[in-house]
Amino acid sequence: MIKQIVLIGSILAGGIACEKSATLPNKSIVLEEAPKDSISMKEDSIVVKIGNQSFTAVLLNNETAKSFKALLPLTLKMTELNANEKYASLPKNLPITPTVPSGISTGDLMMYGANTFVLFYQPLSTTYSYTKLGSIIDTSGLASAVGNSDVTIHFDIK
């Protein structure tokens, strides 16, 4: 006997729907949970506090992010650069695995070299190498919170 599985996916915001069918032999099918994403909302969330606004960021599961998290709580005076990022030197070097990202999104937390922590508040393309630490989940109001000059930002474990 042959069973047919129909998968239906839709993108609600755009009203786009697609359907894909697959014919499978009559065998026991075990669906396994997809490998855990490199982001764990519960265990790797941090708070990014800018003035009276707080943002939640999620750290990746890599050595750089783990080393950054070990520094928390941490308050950094971050310097404005290029109207799209804030950066600061960390109290110690972190292990890094730099790559050139395909793009940088608003809210990305990165390391430039082993000692420079960067928070991006505008998206951009780059040819520079970074090690990604994680991202702010909801970036609404981030650009206005950081402003267009140097700013003090507090990072802490959620």
Side-chain angles (χ1 to χ4, degrees), residues 7 9-20 32-158:
L7 303 173
S10 65
I11 302 172
L12 298 176
I16 301 168
C18 62
E19 183 174 304
K20 182 174 182 176
E32 295 181 15
E33 184 177 323
K36 185 177 179 183
D37 194 298
S38 58
I39 295 178
S40 168
M41 289 286 289
K42 186 174 182 181
E43 296 174 8
D44 293 323
S45 296
I46 64 170
V47 175
V48 179
K49 187 166 180 164
I50 307 165
N52 61 358
Q53 288 188 274
S54 292
F55 300 88
T56 299
V58 180
L59 298 177
L60 295 173
N61 183 16
N62 64 36
E63 289 307 311
T64 310
K66 289 175 188 173
S67 296
F68 177 76
K69 189 174 179 182
L71 296 174
L72 303 182
L74 182 66
T75 301
L76 297 172
K77 177 160 175 129
M78 301 195 71
T79 304
E80 168 64 32
L81 184 64
N82 300 324
N84 60 23
E85 66 187 82
K86 305 291 186 188
Y87 73 92
S89 294
L90 293 178
K92 71 177 206 171
N93 289 349
L94 302 184
I96 57 170
T97 53
T99 60
V100 177
S102 58
I104 294 176
S105 300
T106 301
D108 278 352
L109 306 174
M110 307 268 216
M111 290 297 299
Y112 178 74
N115 188 262
T116 304
F117 174 78
V118 184
L119 173 123
F120 289 92
Y121 63 92
Q122 295 291 339
L124 71 135
S125 295
T126 186
T127 57
Y128 292 103
S129 293
Y130 295 92
T131 302
K132 187 166 183 177
L133 296 167
S135 298
I136 292 175
I137 298 169
D138 180 358
T139 59
S140 303
L142 179 62
S144 62
V146 296
N148 57 5
S149 59
D150 298 354
V151 64
T152 300
I153 303 178
H154 182 74
F155 300 88
D156 206 348
I157 297 170
K158 188 160 178 96

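Everything numeric here is computed off the predicted structure, so don't read it as measured data. Positions are given from 1, in the same order as the sequence printed here.
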Between CD1 on residue I104 and OH on residue Y128, distance to nearest 0.5 Å
11.0 Å
Starting from the C-alpha separation in whole Å, work towards a yes-or-no answer on salt bridge (charged side-chain N to carboxylate O under 4.0 Å, His left out) for D44 and K69.
CA-CA 8 Å; D44 293 323; K69 189 174 179 182; 3.5 Å; yes
Test T56 against K158 for side-chain hydrogen bond (donor to acceptor under 3.5 Å, both in side chains), laying out the working first.
CA-CA 8 Å; T56 299; K158 188 160 178 96; 3.1 Å; yes
So for atom CG, which belongs to N82, do other residues, nucleotides or ligands contribute more than 12 heavy atoms lying within a distance under 6.0 Å?
yes
Is any side-chain heavy atom of F155 closer than 4.5 Å to a side-chain heavy atom of L76?
yes
Would you say Y121 and E80 are linked by a side-chain donor-acceptor pair, where the criterion is simply a distance under 3.5 Å?
yes
Check for a donor-acceptor pair, side chain of T75 on one end and backbone N or O of H154 on the other, with a separation under 3.5 Å.
no
Check whether any side-chain N or O of S45 sits under 3.5 Å from a backbone N or O of V58 as a donor-acceptor pair, and report yes or no.
no
For I96 and G113 the tightest heavy-atom approach is CG2-O, 3.4 Å
Checking I46 against D156 for the side-chain contact (heavy atoms from CB on, under 4.5 Å) test, could you report, in this order, the C-alpha distance in whole Å, the side-chain angles of both residues, the deciding distance, and whether it holds?
CA-CA 6 Å; I46 64 170; D156 206 348; over 6 Å; no
Show the numbers, then the answer: is there a side-chain contact (heavy atoms from CB on, under 4.5 Å) between I153 and V48?
CA-CA 7 Å; I153 303 178; V48 179; 3.6 Å; yes
Assess whether side-chain contact (heavy atoms from CB on, under 4.5 Å) is satisfied between F55 and I50, documenting all intermediate values.
CA-CA 8 Å; F55 300 88; I50 307 165; 3.9 Å; yes
Residues L142, T106; criterion side-chain contact (heavy atoms from CB on, under 4.5 Å); working and verdict:
CA-CA 8 Å; L142 179 62; T106 301; 4.1 Å; yes
Heavy atoms only: give me the nearest M110-P101 pair and the separation to one decimal.
CE-CG, 4.3 Å
Side chain to side chain, L71 and L90, heavy atoms closer than 4.5 Å:
yes
State, to 0.1 Å, how close E63 and P95 come at their nearest heavy-atom pair, and which atoms those are.
O-CG, 3.9 Å
Check whether any side-chain heavy atom of Y130 lies under 4.5 Å from a side-chain heavy atom of F120, and answer yes or no.
yes
What closest approach, in Å, do G141 and Q53 show between heavy atoms, and which atom pair accounts for it?
O-OE1, 3.9 Å
A side-chain contact here means heavy atoms from C-beta on lying under 4.5 Å apart; do M78 and L119 qualify?
yes
Is the shortest side-chain heavy-atom distance between V118 and L81 below 4.5 Å?
no
Strictly below 4.0 Å, N to O, side chains only: are D108 and K132 in salt-bridge contact?
yes
Closest non-hydrogen contact found for A145 with V151 is O-CG2, 4.5 Å
Answer whether the closest heavy-atom distance between the side chains of L74 and P91 falls below 4.5 Å.
yes
Measure up the F68 and F117 rings against each other and bin them: parallel (under 30°), tilted (30 to 60°), perpendicular (over 60°).
parallel
I need the L94 CG to L133 CG distance, nearest 0.5 Å.
7.0 Å
